[in-house]
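Below is one structure, written out as structure tokens, with a few remarks after it.
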Amino acid sequence: MFLDKYISSQVIQDQLNKKVLDSLAEFIKKHGLGCSSDVWRQRASEIPTAALMLGVNVPDHAMTFRSLCNLLQDSVTPFVVSVHAKECAGVIIGLLQKCIQVSPERKENLTNNDLPQSLPVVVIFKDFEAFNSQVLQDFILICSRYTQELPFVFIFGIATSPSAIQHRLPHSVSSLLCIEVFHSLSCTQHLASVFDKLILNAQFPFKLSSRVIQVLVGVFLYHDFNVQNFVKGLQFSMLEHFNSQPLSLLCCQKQEALLSAKTLSKQNVEQIRHLPSFMRYVETQEPQEQVRLLTNDEHVKEVCQTLLKNLHKYHKNYYPILQCLHSLTSSLPKFPLGKHIRELHVSCIEKNLWETEEYDSALQLLRILAKDELVAALRKCAETLKSANTKRMQNALQQLEDFIGRLETLEGKLDSVSKMEYQKTDLFQLQKTLLEKESRRTKRMNSFEVLRSQVMDFIDSLVREYLTPAEFQPLNEVCYYSSSGVLRHHPFYYLKVTDHSFRLTRVFMFVNSEESFRKGPFYAQITQNLFLYLRMFHE
């Protein structure tokens, strides 16, 4: 039940594709039920066609089409047929047989007065590029002759680009289609959405260490681009955590965790005492308190409840500040803290971020932002903090809004200054101006520079206070799964790496065996890159 509630593959996929699926349903309702205007349909023989762009490396297509079929059958028409290229076997008979399968049902339903008399027949071509071109041409020509009797609607599942339709069909056939293009989320957008819903979520008690995240993201980005497999990896990590960590009974919602802490057994208390994070916590206490923590079980239970509250508070404050920092740094040149929030998250939970060169570089770039850029970035941060319901985050929001208000009051003065500074000039005058600015650097800063420096100091204080590594939190082992080695040896990871290694090995052997490759100018570079990839997969 816990897995189904939080990380059901089908639910997540439906949520990610909801927008494009609803758009397709509206398209079929508009053009398949006779609601379209004569302007849209130029000729009666034209067939409404939706070109659904799914991307090359998205193997979650089957689930997407399953959800689409269910949605259309529930809300638009029961007459939906979905076909694969391999089911047609290169002849039109197979395609026609698949479509005829819905005809008896359609004929039976048409006698029902509750149903419209012109329900469309939706034909979904799951892998459009793989269909035999001649089969597609014949099928479209046949269907176009019966559009008055059978209102067909086509959906093309396309992996490459809309131009694939022109490449597969001649103009005489494609002109019979009225095509509208629909775009689904890219695989990286899918990953970002899943990451936000499951990992960067304070309400989701189970957490992953930086190494485990790197393994799961590596499988996704370098092997299959499969959201289902990413979620399965997360499910396996959760099951392994609850199976191997006895104290995972405390990995639940706050109130449930506090109730469980009150009823810990003597064995559980001893296991808490042996946790590395709890041992570090004991070392920071006074001698008398250390004795009580090591000898009094009831006192350990009380302290455990306090530490669990602090752990939940840590997560509630951590994620809003993480999102704020990402909104500030994601648009900086060369992305010193990463382009995606998952990269920033991994950096934060494995080390002190403010001690890294990347953080110093990002802070230096932030300290030279123009006023409009700074105000826009701070407004994004304010929107993020509005959704946080802790007192500390509300206080931070109030201070941030105060900075935004003070920056906006400087608008008139800065405009006059900018007009003086950014005038047309020659190279000599520009050099003279830059030298003068350099000589004035040690002098007093203007009001905007002072305020901008205060804003950056405030952001830096938030980072140092709330983005501390998770391993510094007592009892973090209760929620965090860190056995990346177990994950690497699981079949879902090992088989993918082996498969890719095998394919690269075959390419490597082919390149070395072909005389034309060995004589080519790029032979050394190609073999070197392949060798590096093979080393990476075998490590």
Side-chain angles (χ1 to χ4, degrees), residues 20-21 24-25 27-28 31-32 41-73 76-107 118-184:
V20 66
L21 294 183
L24 285 168
F27 171 81
I28 295 173
H31 304 298
R41 182 172 294 188
Q42 299 175 4
R43 296 195 305 268
S45 59
E46 286 184 335
I47 302 174
T49 304
L52 179 57
M53 310 308 300
L54 293 168
V56 178
N57 294 315
V58 184
D60 303 289
H61 293 175
M63 189 176 292
T64 301
F65 283 120
R66 194 182 312 123
S67 300
L68 177 60
C69 290
N70 294 335
L71 176 64
L72 296 179
Q73 290 174 345
V76 182
T77 173
F79 316 125
V80 180
V81 57
S82 181
V83 292
H84 271 293
K86 61 183 180 181
E87 296 173 341
C88 300
V91 293
I92 194 172
I93 297 177
L95 184 56
L96 290 173
Q97 287 177 343
K98 285 287 292 185
C99 296
I100 292 173
Q101 290 176 5
V102 301
S103 297
E105 181 183 0
R106 185 175 195 280
K107 185 176 180 180
S118 59
L119 288 175
V121 176
V122 181
V123 183
I124 302 175
F125 300 84
K126 292 184 177 180
D127 44 353
F128 175 79
E129 289 97 335
F131 276 86
N132 183 283
S133 179
Q134 189 61 46
V135 170
L136 285 174
Q137 295 177 38
D138 294 342
F139 182 74
I140 293 172
L141 289 171
I142 292 173
C143 291
S144 66
R145 298 173 185 173
Y146 299 95
T147 54
Q148 298 299 323
E149 295 81 6
L150 290 174
F152 283 101
V153 178
F154 294 161
I155 298 178
F156 293 160
I158 300 176
T160 53
S161 68
S163 61
I165 299 176
Q166 280 70 35
H167 295 158
R168 303 288 297 170
L169 303 174
H171 177 71
S172 59
V173 177
S174 62
S175 62
L176 300 176
L177 307 175
C178 278
I179 302 171
E180 187 170 337
V181 180
F182 297 84
H183 292 273
S184 65

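In what follows, residues are counted from 1 in the order of the sequence shown. Keep in mind it's a predicted model, so treat the numbers as computed, not measured.
- Closest approach of A85 to D127, counting heavy atoms only: N-OD1, 3.1 Å.
- In this structure, I155 CD1 and F65 CZ are separated by 8.0 Å, a value rounded to the nearest 0.5 Å.
- In this structure, the ring-ring contact (aromatic ring centres under 6.0 Å, His included) partners of F154, at least two apart in sequence or on a different chain, are F125, F139.
- By the side-chain contact (heavy atoms from CB on, under 4.5 Å) test, S161 pairs with S163, sequence neighbours left out.
- Rounding to the nearest 0.5 angstrom, the gap separating the CD1 atom in I158 from the CD1 atom in I165 is 4.0 Å.
- Side-chain contact check for E46 versus T147: every heavy-atom pair is 4.5 Å or farther apart.
- Rounded to the nearest 0.5 angstrom, Q134 CD and L169 CG are separated by 10.5 Å.
- Proximity of L177 to F156: side-chain heavy atoms (C-beta onward) are separated by under 4.5 Å at one or more points.
- The minimum heavy-atom distance linking C69 with S82 is given by the pair SG-CB, 4.1 Å.
- Minimum interatomic distance between P78 and L119 (heavy atoms only, all atoms of both residues): CD-CD1, 3.9 Å.
- Judged purely by atom type and a 3.5 angstrom limit, E129 uses its side chain to pair as donor or acceptor with the backbone of T160.
- Rounded to the nearest 0.5 Å, atoms CG (L71) and CZ (R66) are 14.5 Å apart.
- Contact annotation: the side chain of T64 never approaches that of S184 to less than 4.5 Å [non-hydrogen atoms, C-beta and beyond].
- For the atom pair L52 CG and F128 CZ, the distance stands at 13.0 Å (nearest 0.5 Å).
- From I140, atom CD1 reaches atom OG of S172 across 10.0 Å, with rounding to the nearest 0.5 Å.
- L68 and I124 get closest at one heavy-atom pair: CD2-CD1, 4.0 Å.
- Residues V76 and A25 come closest through the heavy atom pair CG2-O, 4.1 Å.
- Put simply, the side chain of T77 gets close to the backbone of P120: a donor and an acceptor are under 3.5 Å apart.
- Considering only heavy atoms from C-beta on, L176 comes within 4.5 Å of L141 through its side chain.
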